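One structure is given below, encoded as structure tokens.
No hydrogens, no waters, no symmetry mates; every other heavy atom, side chains included, goes into these values. Owing to the predicted nature of the structure, the values given are computational and were not obtained by experimental measurement.
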Amino acid sequence: MRRLLLFALPAALSAALVGAMGAPASATPPNIPSASTAASRLASLTVGTESHQSTYDRSLFPHWITISGTCNTRETVLKRDGTNVTTDSSCAATSGTWYSPYDGATWTQASDLDIDHMVPLAEAWASGAWSWTTSRRQAYANDLGGPELWAVTDNVNQAKGDKDPAEWQPSVGSFRCTYARAWIQVKWYYGLSVDSAEKSALNTMLGTC
């Protein structure tokens with residue numbers, strides 16, 4: 001394993017991480033490679049045409065799952081990516097501040113945020129996840145060990161939908177370098193393919209780094 005998923009960590013460490021509240025937290029998920037490493041990994045990815053789109057169903061990627069106690073994946077990301085987050089007994093965020101790097105907006109209500117899959121589930125499916133087991137798709141959809149999950153403005157996430165970087169990019173131009181590096185890391189780690197337009201867009205985005 002190149003890295004561990006959070007839910008595979010020892011229980012004490014997992015609980016300590018997801019239970020941390022009241023202090024500023026990084027809004028950047030872990031394990032985003034440098035631009036040079038991302039470029040190398042992009043070059044190593046299989047370039048191919050997407051397939052199996054007609055058989056995609058979101059329910060084939062079970063989420064959100066319980067991470068620790070009463071906290072599920074969404075709630076864990078909100079704690080990780082927010083500042084001064086407080087929660088109730090069911091782990092729902094009751095206060096905090098969140099910065100959405102895609103559009104530069106700041107929010108104080110968790111209801112204004114979606115948890116975005118950097119590489120959308122439908123995109124992953126068409127890029128190779130159609131052949132995975134349900135267990136692997138569940139791990140992918142709830143992956144806290146890499147840059148797959150981001151707390152972002154809800155309508156921005158909805159505008160992105162299932163689009164790849166050839167079809168949609170963050171409005172904050174200075175974030176496109178990070179976005180490309182994170183996208184490439186997810187595709188590389190999970191052995192997913194890229195199409196030619198997607199690869200070209202990612203190379204262009206890396207050029208802004």
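A 4.5 Å side-chain heavy-atom check between Glu75 and Thr87 finds every atom pair outside the cut-off. Looking at heavy atoms from C-beta onward, Thr76 lies in side-chain contact with Leu144 at the 4.5 angstrom threshold. Counting heavy atoms from C-beta outward, Lys79 and Cys91 have side chains that approach closer than 4.5 Å. Contact of the Val152 side chain with the Lys160 side chain is not registered, since no non-hydrogen atoms from C-beta on lie closer than 4.5 Å. Side-chain contact check for Lys187 versus Glu198: some heavy-atom pair is nearer than 4.5 Å. At a threshold of 4.5 Å between non-hydrogen side-chain atoms, the residues Asp114 and Trp150 do not count as touching. Side-chain contact between His63 and Thr73 is absent, with no heavy-atom pair separated by less than 4.5 Å. By the 4.5 Å heavy-atom criterion applied to side chains, Arg181 and Ile32 are counted as neighbours.
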Which donor-acceptor pairs under 3.5 Å do the side chains of residues 104-113 make with protein atoms, sequence neighbours left out?
{"residue": "Trp107", "atom": "NE1", "partner": "Thr153", "partner atom": "OG1", "Å": "2.7"}

Could you pull out every donor-acceptor pair under 3.5 Å between side chains of residues 168-177 and any protein atom, sequence neighbours left out?
{"residue": "Gln169", "atom": "NE2", "partner": "Pro165", "partner atom": "O", "Å": "3.0"}
{"residue": "Ser171", "atom": "OG", "partner": "Tyr102", "partner atom": "O", "Å": "3.3"}
{"residue": "Arg176", "atom": "NE", "partner": "Pro170", "partner atom": "O", "Å": "2.8"}
{"residue": "Arg176", "atom": "NH2", "partner": "Pro170", "partner atom": "O", "Å": "2.9"}

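Contact between Glu123 and Val119 at its shortest, heavy atoms only, is CG-CG1, 3.7 Å. Leu206 and Ala38 get closest at one heavy-atom pair: CD2-CB, 4.1 Å. Across all non-hydrogen atoms, the minimal contact from Lys163 to Pro120 is O-CG, 4.0 Å. Between Glu50 and Asp195, the shortest heavy-atom distance links the atoms OE2-OD2, 3.5 Å. The two residues Ser59 and Asp57 come nearest to each other via the heavy atoms OG-OD1, 2.6 Å. Of all heavy-atom pairs between Pro62 and Ala141, the closest is O-CB, 4.1 Å.
Proximity of a side-chain donor or acceptor of Ser193 to a complementary backbone N or O of Gly48 within less than 3.5 Å is not detected. In this structure a side-chain-to-backbone donor-acceptor pair under 3.5 Å is present from Thr204 to Ser200.
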Test side chain to side chain contact (heavy atoms under 4.5 Å, CB included) on Glu148 and Tyr190 and set out the steps.
CA-CA 11 Å; Glu148 169 66 347; Tyr190 283 97; 5.8 Å; no
Check step by step if side-chain hydrogen bond (donor to acceptor under 3.5 Å, both in side chains) holds for Ser34 and Ser36.
CA-CA 5 Å; Ser34 67; Ser36 60; 3.2 Å; yes
Side chain to side chain contact (heavy atoms under 4.5 Å, CB included), that's the test. Do Asn203 and Leu42 meet it? Break it down for me.
CA-CA 8 Å; Asn203 273 315; Leu42 177 59; 3.4 Å; yes
Given Thr83 and Thr97, is the side-chain hydrogen bond (donor to acceptor under 3.5 Å, both in side chains) satisfied, shown in steps?
CA-CA 5 Å; Thr83 300; Thr97 302; over 6 Å; no
Stepwise side-chain hydrogen bond (donor to acceptor under 3.5 Å, both in side chains) test for Gln138 and Thr134
CA-CA 6 Å; Gln138 175 175 295; Thr134 299; over 6 Å; no
Between Asp81 and Tyr99, does the side-chain hydrogen bond (donor to acceptor under 3.5 Å, both in side chains) criterion hold? Intermediate values first, please.
CA-CA 8 Å; Asp81 289 0; Tyr99 173 77; over 6 Å; no
Please evaluate residues Arg58 and Leu121 with respect to the criterion side chain to side chain contact (heavy atoms under 4.5 Å, CB included), reporting the C-alpha separation (whole Å), side-chain torsions for both, the decisive distance (0.1 Å), and the verdict.
CA-CA 7 Å; Arg58 192 172 178 83; Leu121 303 181; 3.7 Å; yes
When you look at Trp130 and Tyr56, which way does the ring-ring contact (aromatic ring centres under 6.0 Å, His included) test go after all the steps?
CA-CA 8 Å; Trp130 59 266; Tyr56 168 72; over 10 Å; no
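Expressed to the nearest 0.5 Å, how far CG of Asn72 lies from CG of Leu78 amounts to 9.0 Å. Taken to the nearest 0.5 Å, the CG atom of Leu202 stands 10.0 Å off from the NZ atom of Lys199. Separation of atoms CD (Gln158) and CG (Asp116) is listed at 10.5 Å; rounding is to 0.5 Å. The line from CE of Met205 to OG1 of Thr178 is 9.5 Å long, rounded to the nearest 0.5 Å.
Between the side chains of Tyr189 and Asn31, not a single donor N or O lies within less than 3.5 Å of an accepting N or O. Defined by atom type and a distance below 3.5 Å, a donor-acceptor pair is missing between the side-chain atoms of Ser90 and Thr70. Asp103 and Ser100 share a donor-acceptor pair across their side chains, judged by distance under 3.5 Å alone. At a cut-off of 3.5 Å, with distance as the only test, a side-chain donor of Trp125 or Thr55 sits close to an acceptor on the other residue.
Just one of Trp183, Trp64, Phe61 meets the ring-ring contact (aromatic ring centres under 6.0 Å, His included) condition when paired with His117; it is Trp64. Residue Ser127 is tested with Leu192, Leu45, Asp164 for a side-chain contact (heavy atoms from CB on, under 4.5 Å); the sole match is Leu192.
Relative to the six-membered ring of Trp188, Arg41 meets both conditions, a distance below 6.0 Å and an angle of at most 45° to the axis.
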